[in-house]
Amino acid sequence: MRKVFNFSAGPAVLPEEVLQQASEEMLDWHGSGQCVMEMSHRGPEYMGIHAQAEADLRELMAIPSNYEVVFAQGGATLQFSMVPLNLMRAKAGADYVNTGEWSKKAIKEAENYGKVNVAASSEDRKFSYVPQRSSWKLDPDAAYVHICANETIGGVEFNWTPDTGAVPLVADLSSTFLSRPIDVARFGLLYGGAQKNIGPAGLTIVIVRDDLIGHAPKGTPGLLDYKTQVDNDSMLNTPPTYAVYIAGLVFQWLKRQGGVAAIEKRNIEKSSLLYDALDASGFYRNPVAAADRSRMNVPFTLTDAALDDAFLAGAAEHKLLQLKGHRSVGGMRASIYNAMPIEGVRALVQYMREFERTRG
Ligand SMILES: *Cc1c(COP(=O)(O)O)cnc(C)c1O
């Protein structure tokens, strides 16, 4: 067992079993005499790793056969541009729902490619909720509707999939990927960086419906065109091979845990434990509407912000690391992704109670 619990928002905790296996395979992968990092991406060993990772992801998410999986680079941030570049087409514009910092960044990039209609926003109450579907002002001619499924900084998560009729729904899944079952068929495109819930930084996963591919404007660089990526099995250039390998090990780990439905149960248990502790105390506070609270990222503040540094220092002494909130909001944030064991959340809650008792 490792000796710390890491609550980082990303890059984030990985399953100990996966790190153990990777270390055992580091010098000699399956008798090949090579490290995965040293293998040609065109060789049979790596091609097998790549194909298995995709197959396991498809199985875990029950991805329908009319959807393509792309292993890309550039992070979710590059998808903020690639989505409008590839999907805007001749349409008048796209609809965006603004639920926080990551939505805002996606909107800003999309504005380079066409008209952005902010169909709904929760900025009026400091991004502390998800606007109800009935309040959204969607444009029926929009190229797509974009949501951030989980706002990693604000700790606001969609617990439902919006109905957008015939207009494709696009979601940034970066910090909620594989944490709960979703019906892929209800989306046109899903994307996310791997470093929150899947694996190392450097890998970005895109799941895109067939009919949305092949519409990038002339002059689009091949790497930024979903069609060239798909036509080349994500090997138009050298893919992030080691990151794909680790992601593949995480997918296998997740299957051993019982898959996404089983991990969701644990995520509900872990997040409830923490929210219940926050709500039972007058000393800590989480500002998010109960129905829209994230199961993955739990921001909270102390009533007296002057105690923040003492809280963090004490936490580190208890081997509870990276609890400092995002620089834009302050306070604390506990990210409790799939790989965070429940013991970590129990240890955090226990420390919080102790801190409140002694300093509150
Ligand atoms: C971290 C994050 C991003 C940015 O991801 P990069 O891989 O750093 O580009 C975008 N959206 C969400 C929701 C995130 O959590």
Side-chain angles (χ1 to χ4, degrees), residues 6-14 70-85 94 96-112 116 121-123 127-130 144-159 161-162 169-180 182 187 189-207 223-224 229 234 239-240 242-244 246-247 250 267 271 288 292-299 322 324-329 333-340:
N6 176 3
F7 295 91
S8 169
V13 59
L14 284 166
V70 178
F71 291 148
Q73 300 188 60
T77 302
L78 187 57
Q79 296 308 310
F80 293 166
S81 300
M82 274 178 73
V83 165
L85 178 62
Y96 277 70
V97 176
N98 184 8
T99 49
E101 297 307 317
W102 290 113
S103 298
K104 284 203 282 190
K105 290 198 162 89
I107 289 168
K108 188 161 175 280
E109 291 292 330
E111 282 168 345
N112 292 324
V116 169
S121 169
S122 56
E123 195 157 18
F127 296 121
S128 60
Y129 68 101
V130 175
Y144 59 89
V145 181
H146 182 280
I147 61 169
C148 178
N150 182 57
E151 287 282 357
T152 318
I153 296 173
V156 174
E157 182 164 9
F158 274 82
N159 285 303
T161 301
L169 178 62
V170 174
D172 177 355
L173 285 190
S174 295
S175 48
T176 183
F177 235 125
L178 294 170
S179 72
R180 56 164 72 220
I182 59 166
F187 296 83
L189 188 150
L190 297 159
Y191 67 88
Q195 73 274 20
K196 311 283 166 61
N197 217 5
I198 290 182
L203 169 66
T204 311
I205 296 177
V206 181
I207 301 165
L223 275 176
L224 305 189
Q229 288 276 22
S234 306
Y242 200 75
V244 170
I246 299 286
V250 172
N267 288 332
S271 55
V288 180
D292 306 323
R293 283 172 161 178
S294 169
R295 290 178 190 159
M296 296 285 103
N297 311 97
V298 183
Q322 308 214 50
K324 197 174 165 64
H326 190 268
R327 59 186 187 280
S328 67
V329 292
R333 172 175 49 172
S335 295
I336 48 175
Y337 296 118
N338 287 351
M340 171 61 67

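Just so you know, these numbers come straight off a predicted model, no measurement behind them. Every number for a ligand or one of its atoms is a count from 1 in the order of the listing.
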Shortest non-hydrogen contact from S335 toward A9: OG-CA, 3.2 Å

If we only consider heavy atoms of G10, is any one of them less than 4.0 Å away from an atom in ligand 1? no

If the contact criterion is a heavy-atom separation under 4.0 Å, does N150 count as touching ligand 1? yes

Taking only heavy atoms of A76 into account, list the atoms of ligand 1 that are under 4.0 Å away from them. 3 (C), 4 (C), 5 (O), 6 (P), 7 (O), 9 (O), 10 (C)

Quick one: which ligand 1 atoms are inside 4.0 Å of a heavy atom on C148? 13 (C)

Hey, is [X] touching ligand 1 through its side chain, its backbone, both or neither, going by heavy atoms under 4.0 Å?
| X | value |
| --- | --- |
| A106 | neither |
| S174 | side chain |
| T77 | both |
| E151 | neither |

Qualifying residue, where the test is side-chain contact (heavy atoms from CB on, under 4.5 Å) with L189 and the options are V83, I207, L169: V83

Would you say the side-chain atoms of N338 and S179 include a donor-acceptor pair closer than 3.5 Å? no

Does [X] use its side chain to pair, donor to acceptor, with the backbone of [Y] at less than 3.5 Å?
| X | Y | result |
| --- | --- | --- |
| Q79 | D172 | no |
| R333 | G155 | no |
| E157 | R295 | yes |

Considering only non-hydrogen protein atoms, determine which one is nearest to atom 12 (C) of ligand 1 and report residue, atom name and distance to 0.1 Å. D172 OD2, 3.3 Å

What protein heavy atom sits nearest atom 15 (O) of ligand 1, and how far off is it? T152 OG1, 2.4 Å

Among Q195, E101, K196, which one has a heavy atom closest to atom 1 (C) of ligand 1? K196

I'd like to check whether F80 has a polar contact with ligand 1, where a contact means an N/O of the residue lying under 3.5 Å from an N/O of the ligand. no

Taking the ring centre of each residue, are Y337 and F7 less than 6.0 Å apart? no

Is it true that K104 and E101 have a side-chain N and a carboxylate O under 4.0 angstrom from each other? yes

